[in-house]
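What follows is a set of notes on a single structure, which appears directly below.
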Amino acid sequence: MSCLLSSPPIPTLSSLQTQNPNPTKEEWLYTSLKSPKTPTQLKTLHAQIIKTGLTQNDLVFGQLFLCCSISNTMNYARHLFDKLHHPKLFFYNAMIKGYSLNDFHQDALTLYTLMRYRSVTCDSFTFPVVLRSASTLGKIHIGKELHGLVLKMGCAERLIVQTAFIDMYCACGLSSYGRLVFDKIVDKDVICWNTMIAGYIKCGEYGYAKEVFELMPVRNVSSWNTIVDMYCKCGDMEMARKLFEDMPEKDVISWNALISGYAKIGESGEMRRLFDEMPRKNVVSWNVMITCYVHNRQFLEALELFRVMQVSDVKPNEVTVVAVLPVCAHLGALDLGKWVHAYIDRNRVKIDVYVNTALIDMYGKCGSVEDAKRVFNNARVKDTFLCSTMIEVLGTHGKAKEAFTIFSYMRSTGIKPNDVTFVGLLKACSHVGLVDAGVKYFFMMSEEFRLMPKVEHFGCMVDLLGRAGHIEEAHELIKSMPMDPHPIVWGALLSACRIHGNVKLAEEVALRLIELEPQSCGNYVLLSNIYSKAGRWDEAANLRRKMKEKGVVKKPGCSSIAVNNVVNEFFAGDRAHSRSKEIYKKLDEIVTRLKTEGYAPCTSSALHDVDMDEKEQALLHHSEKLAVAFGLISTDHKTPIRIVKNLRVCDDCHLFLKMISKYYNRQMIVRDCNRFHHFRDGSCSCSDFW
DNA sequence: GTAGGGTTAG
């Protein structure tokens with residue numbers, strides 16, 4: 001839908017008249033076809049071409065194909081193409097070029113094969129385009145065949161064709177073949193040299209790249225940029241910096257290359273200095289910066305830069321929003337995410353499969369499955385990533401059946417699942433306890449799709465079996481794993497033991513885990529909770545002493561809630577918020593109210609070795625309780641409260657939230673570190689199973 | 001020919 005919005009309208013006759021007072025119908029149509037169109041507009045234009053009798057006019061009709069390609073509607077172009085009885089070479093070229101520009105390289109190659117089968121002779125316009133597709137897909141046999149053909153046809157001397165061969169061979173990993181072509185060329189231009197250098201870099205042969213660079217008789221900015229980027233890619237920033245300083249002239253790409261070099265090694269300080277210093281910035285400069293901040297988990301810096309970018313003279317594009325959306329996802333800031341989505345529509349940012357994937361992930365992680373589904377259904381291009389993301393979202397929200405439907409969709413449309421797809425499916429099964437389905441998918445992976453289960457898949461299976469109470473089977477599965485079980489796998493077994501009260505095995509597993517990752521607090525906390533629940537206070541105390549000795553600090557619980565686009569963070573017992581007084585007052589009121597309804601704090605969740613009263617206090621000031629209290633005083637009663645927590649929700653908070661949803665008649669959506677809880681009318685979507 | 005992008009087990 002947003003694609004419809006993003007197409008500029010067809011220019012009217014009057015708007016063109018300012019440049020050309022009397023355009024002919026032909027000129028008018030040709031000009032119209034220069035900018036992207038919606039499918040409806042394309043149909044209208046096609047009808048006009050037929051009406052005007054211009055179907056024989058290669059220039060106008062060919063432009064229609066090219067217009068389809070810039071409008072992302074290659075299906076329509078193909079529909080028109082298939083109606084032609086004997087398509088001319090010109091139309092094959094236009095179609096292949098269209099496919100290639102839209103990155104449908106397989107379609108480009110298939111059409112090329114059809115063309116050969118129909119004995120249509122290619123020309124020098126066909127070769128570079130087909131070569132590009134062949135090299136992108138690494139189809140060396142097509143590349144070689146083309147090479148033979150070109151030699152036979154005698155158009156091998158064209159520099160552009162030669163250059164395309166160098167590129168193709170190098171992209172297929174055969175730099176020595178590329179070098180043979182390169183060496184035979186008599187009048188090499190600078191593009192040819194640059195392609196050879198880039199080819200060596202693609203093959204990881206940096207030494208040769210440098211050698212060719214030094215041999216160049218004339219270098220342009222691109223040559224320097226390529227070589228500077230090469231040093232950045234290897235992380236040799238010293239050399240990159242030296243070359244950058246030596247460059248006779250620099251353009252924005254030179255600066256971007258260097259900045260992204262610092263970004264890659266995480267030196268955000270030096271990156272920022274250069275960014276502030278550069279004379280002119282383009283959209284890539286901003287994107288490199290924002291992406292780097294996101295990767296370094298400097299989310300607030302990323303958002304701030306995105307804000308500054310909007311008042312700069314550079315417009316954000318699809319790459320920018322793909323960088324920013326994960327920030328919303330991470331913060332669970334639904335309103336902010338929705339704002340970015342609206343921004344995309346309002347500013348006609350191109351919506352491609354990356355943007356859609358990021359949107360689905362954002363909506364999923366912000367708790368709005370409905371919005372995620374809407375984006376999925378409207379997505380014109382669906383690929384493995386997009387579908388896997390949708391499956392993952394449905395799974396974490398406990399909608400296993402719908403996740404299976406997406407998987408069936410993938411199978412019926414030929415979208416190949418990958419290992420991540422199966423992680424999503426297995427997770428979906430384990431959240432709702434569908435053991436049989438999980439086992440089915442686990443075996444399907446290798447038997448039907450030739451994907452070997454990785455440690456992640458074993459982790460999911462242990463979780464699935466363990467949660468459903470098949471603890472022994474889960475344990476057996478770990479023992480039978482072909483690889484070393486990652487601590488996460490043992491962790492899955494441990495939490496199963498916790499749910500099903502298997503103290504004996506829990507102890508064994510937890511001690512092993514503590515040995516494996518002595519600095520991770522979670523294992524101590526889990527085991528200590530298990531001891532406390534079993535009334536083994538001494539051992540719980542012992543464990544805490546051990547923790548202290550090893551200098552392990554308990555990761556503080558932190559919950560965040562976004563109100564009016566401001567993210568409010570709360571730590572347990574935190575009094576830093578500006579409305580702290582009101583929040584604690586509200587919390588007192590809630591507790592008093594819920595106690596009259598039968599709420600009794602379940603103190604076994606508290607780790608502290610203190611008396612009952614203090615234990616209760618610590619419990620009552622858990623971060624999610626503070627966040628909920630804040631939500632209740634700062635939003636109206638119809639607004640669902642959305643909270644993101646960094647740890648797992650404890651038993652007590654879970655009960656507390658269920659009761660609030662009933663007695664305060666409030667919907668609450670809580671994302672903990674591994675799933676969603678939708679609280680409503682006194683119950684939770686996880687069925688107390690988490 | 002050169003800079004920037006999406007999913008992943010406790």
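Each chain gets a letter, A, B and so on, in the order the sequences are listed, and its residues count up from 1. These numbers come from the heavy atoms of this one structure, side chains and all, not from hydrogens, waters or symmetry mates.
When heavy atoms are screened at a 4.0 angstrom cut-off, Leu426(A) is found touching no nucleic acid atom at all. Looking at heavy-atom distances under 4.0 Å, Val455(A) makes contact with a base. Nucleic acid contact class of Ala358(A) (heavy atoms, under 4.0 Å, all strands): none. Base engagement by Asn317(A) is indicated by at least one non-hydrogen atom pair under 4.0 Å involving a base atom.
Here the nucleotide nearest the side chain of Arg648(A), chosen from dT8(B), dG10(B), dT2(B), is dG10(B). Closest approach to the Glu318(A) side chain among dG5(B), dA9(B), dG4(B) is made by dG5(B) (side chain taken as heavy atoms from C-beta onward). Side-chain proximity of Asp352(A) to dG6(B), dG5(B), dG10(B): nearest is dG5(B). The side chain of Ser388(A) has dT7(B) as its nearest neighbour among dA3(B), dG10(B), dT7(B). Distances from the side chain of Thr291(A) to the nucleotides dG5(B), dA3(B), dT7(B) place dG5(B) closest. The side chain of Ile253(A) has dT2(B) as its nearest neighbour among dG5(B), dG10(B), dT2(B). Residue Thr357(A) has its side chain nearest to dG6(B) when only dA9(B), dG4(B), dG6(B) are considered. In the set dA3(B), dG10(B), dG4(B), dA3(B) carries the atom at the smallest distance from any side-chain atom of Asn282(A). In this structure, of dT7(B), dG6(B), dT8(B), it is dT7(B) that holds the atom nearest to the side chain of Asn418(A).
By the stacking rule of 5.5 Å between ring centres and under 30° between planes, Tyr354(A) does not stack on the base of dG6(B).
With hydrogens and angles left out, the side-chain atoms of Asn220(A) and Asn194(A) include a donor and acceptor closer than 3.5 Å.
Between dA3(B) and Lys233(A), a contact under 4.0 Å exists linking OP1 or OP2 to a side-chain N or O.
Atom CD1 of Ile360(A) and atom C1' of dG5(B) are 15 Å apart (whole Å). dA3(B) atom P lies 14 Å from atom CE of Met237(A), rounded to whole Å.
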